[in-house]
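For this chain, numbers begin at 1 and follow the sequence in order. Fair warning: this is a prediction, and the values are worked out from it, not measured in the lab.
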Amino acid sequence: QVQLVESGGGLAQAGGSLRLICTASGVSISQFGMAWFRQVPGKEREFVGGIKWDGGATKYADSVNGRFSISRDNARDTVTLQINNLKPDDTANYSCARDRQRRRSWISSESASYLYWGQGTQVTVSS
């Protein structure tokens, strides 16, 4: 059974940092692009950033570019989202997701491109 489990969320102050980790089990993610999305109740899910299957490229939403960084360790089937200079608007439930397509040559920002999803980890930023 494929499972993606996020960890590292919590309460943080504006200007601080958090590191979210997505750990895969039941399936290897090494051949697939990975992405992070976030969602606030009552709003649509928002693409935060993604990383190509081989780690050779990353893509970020304009709202987080320069503050968020994604990396991956294919040997450990983990993907990390480093969040710096937190803002209250970053408050959301953050989920990782695995691409449907093996070895996609580009990074999709569309949620429909992703087949497996984690339950998410809550990030709350106080001002």
Side-chain angles (χ1 to χ4, degrees):
Q1 182 178 358
V2 177
Q3 269 195 315
L4 299 177
V5 178
E6 302 90 345
S7 60
L11 177 63
Q13 289 190 331
S17 298
L18 283 175
R19 178 174 295 176
L20 309 185
I21 298 175
C22 172
T23 303
S25 63
V27 67
S28 174
I29 61 171
S30 64
Q31 302 293 305
F32 296 87
M34 297 292 294
W36 287 90
F37 289 76
R38 66 186 181 185
Q39 190 167 24
V40 176
K43 292 189 176 182
E44 289 191 1
R45 181 184 286 161
E46 176 190 17
F47 172 81
V48 170
I51 186 166
K52 193 180 167 189
W53 67 274
D54 60 355
T58 54
K59 176 181 177 179
Y60 301 97
D62 290 342
S63 59
V64 307
N65 204 7
R67 299 189 298 118
F68 287 27
S69 177
I70 297 175
S71 60
R72 66 187 300 159
D73 184 339
N74 282 344
R76 298 184 177 183
D77 284 327
T78 60
V79 179
T80 299
L81 176 65
Q82 177 69 38
I83 308 175
N84 297 324
N85 191 19
L86 281 159
K87 300 179 179 182
D89 284 349
D90 294 325
T91 295
N93 185 274
Y94 285 72
S95 299
C96 63
R98 199 209 78 174
D99 200 336
R100 294 179 179 273
Q101 182 175 326
R102 185 172 174 266
R103 295 194 176 188
R104 190 190 300 267
S105 60
W106 48 282
I107 300 166
S108 173
S109 60
E110 300 296 325
S111 59
S113 296
Y114 296 88
L115 179 61
Y116 296 108
W117 294 80
Q119 291 296 312
T121 184
Q122 179 67 31
V123 170
T124 302
V125 183
S126 62
S127 58

State plainly whether one hydrophobic cluster holds both [X] and [Y], where clusters connect Ile, Leu, Val, Met, Phe, Trp and Tyr through side-chain heavy atoms under 4.5 angstrom apart.
{"X": "Y116", "Y": "I29", "answer": "yes"}
{"X": "L4", "Y": "W53", "answer": "no"}
{"X": "I70", "Y": "F32", "answer": "no"}
{"X": "I107", "Y": "V79", "answer": "no"}

For [X] against [Y], the heavy-atom pair lying closest together:
{"X": "S17", "Y": "Q82", "result": "CB-NE2, 3.9 Å"}
{"X": "S28", "Y": "D77", "result": "OG-OD1, 3.4 Å"}
{"X": "V40", "Y": "T91", "result": "CG2-O, 3.3 Å"}
{"X": "D99", "Y": "S113", "result": "OD1-O, 2.8 Å"}
{"X": "S111", "Y": "R45", "result": "CB-NH1, 4.1 Å"}

What is the distance from atom [atom1] of [X] to atom [atom2] of [Y], rounded to the nearest 0.5 Å?
{"X": "L86", "Y": "L18", "atom1": "CG", "atom2": "CG", "answer": "5.0 Å"}
{"X": "S127", "Y": "K87", "atom1": "OG", "atom2": "NZ", "answer": "13.5 Å"}
{"X": "R104", "Y": "D54", "atom1": "CZ", "atom2": "CG", "answer": "14.0 Å"}
{"X": "S7", "Y": "R19", "atom1": "OG", "atom2": "CZ", "answer": "11.0 Å"}

Sequence neighbours left out, what passes salt bridge (charged side-chain N to carboxylate O under 4.0 Å, His left out) with [X]? Give chain and number order.
{"X": "R100", "value": "none"}
{"X": "D90", "value": "R38, R67"}
{"X": "R76", "value": "D73"}

Margin query: With side-chain contact (heavy atoms from CB on, under 4.5 Å) as the criterion, how do K59 and W106 come out once you've worked through the C-alpha distance, each side chain's angles and the decisive distance to 0.1 Å?
Written below: CA-CA 9 Å; K59 176 181 177 179; W106 48 282; 5.8 Å; no
Next item on the list: Output yes when a side-chain donor or acceptor of T80 lies under 3.5 Å from a complementary backbone atom of I21, and no otherwise.
Entry: no
Note to self: I want to check something: taking the side chain as every heavy atom from C-beta on, are R98 and L115 in contact at a cut-off of under 4.5 Å?
What the structure shows: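 Side chain of R98 against side chain of L115, heavy atoms only: contact under 4.5 Å found.
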Item checked: Non-hydrogen side-chain atoms of S95 and Q39 separated by less than 4.5 Å ->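 Contact flag for S95/Q39 side chains = no.
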Item checked: Over 12 non-hydrogen atoms of neighbours within 6.0 angstrom of CD in Q122 -> yes
Margin query: Suppose the criterion is ring-ring contact (aromatic ring centres under 6.0 Å, His included): which pairs have a residue in residues 57-98, not counting sequence neighbours?
Written below: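 Matches after skipping sequence neighbours: none remain.
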Margin query: Please evaluate residues S63 and E46 with respect to the criterion side-chain contact (heavy atoms from CB on, under 4.5 Å), reporting the C-alpha separation (whole Å), side-chain torsions for both, the decisive distance (0.1 Å), and the verdict.
Written below: CA-CA 10 Å; S63 59; E46 176 190 17; 3.4 Å; yes
Margin query: For F37, give me all partners under ring pair (Phe, Tyr, Trp, His ring centres under 6.0 Å), at least two apart in sequence or on another chain.
Written below: F47, Y114, W117
Margin query: Checking T23 against Q3 for the side-chain contact (heavy atoms from CB on, under 4.5 Å) test, could you report, in this order, the C-alpha distance in whole Å, the side-chain angles of both residues, the deciding distance, and whether it holds?
Written below: CA-CA 8 Å; T23 303; Q3 269 195 315; over 6 Å; no
Margin query: With disulfide (SG to SG under 2.5 Å) as the rule and sequence neighbours excluded, what pairs involving residues 13-122 come up?
Written below: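 The answer is C22-C96.
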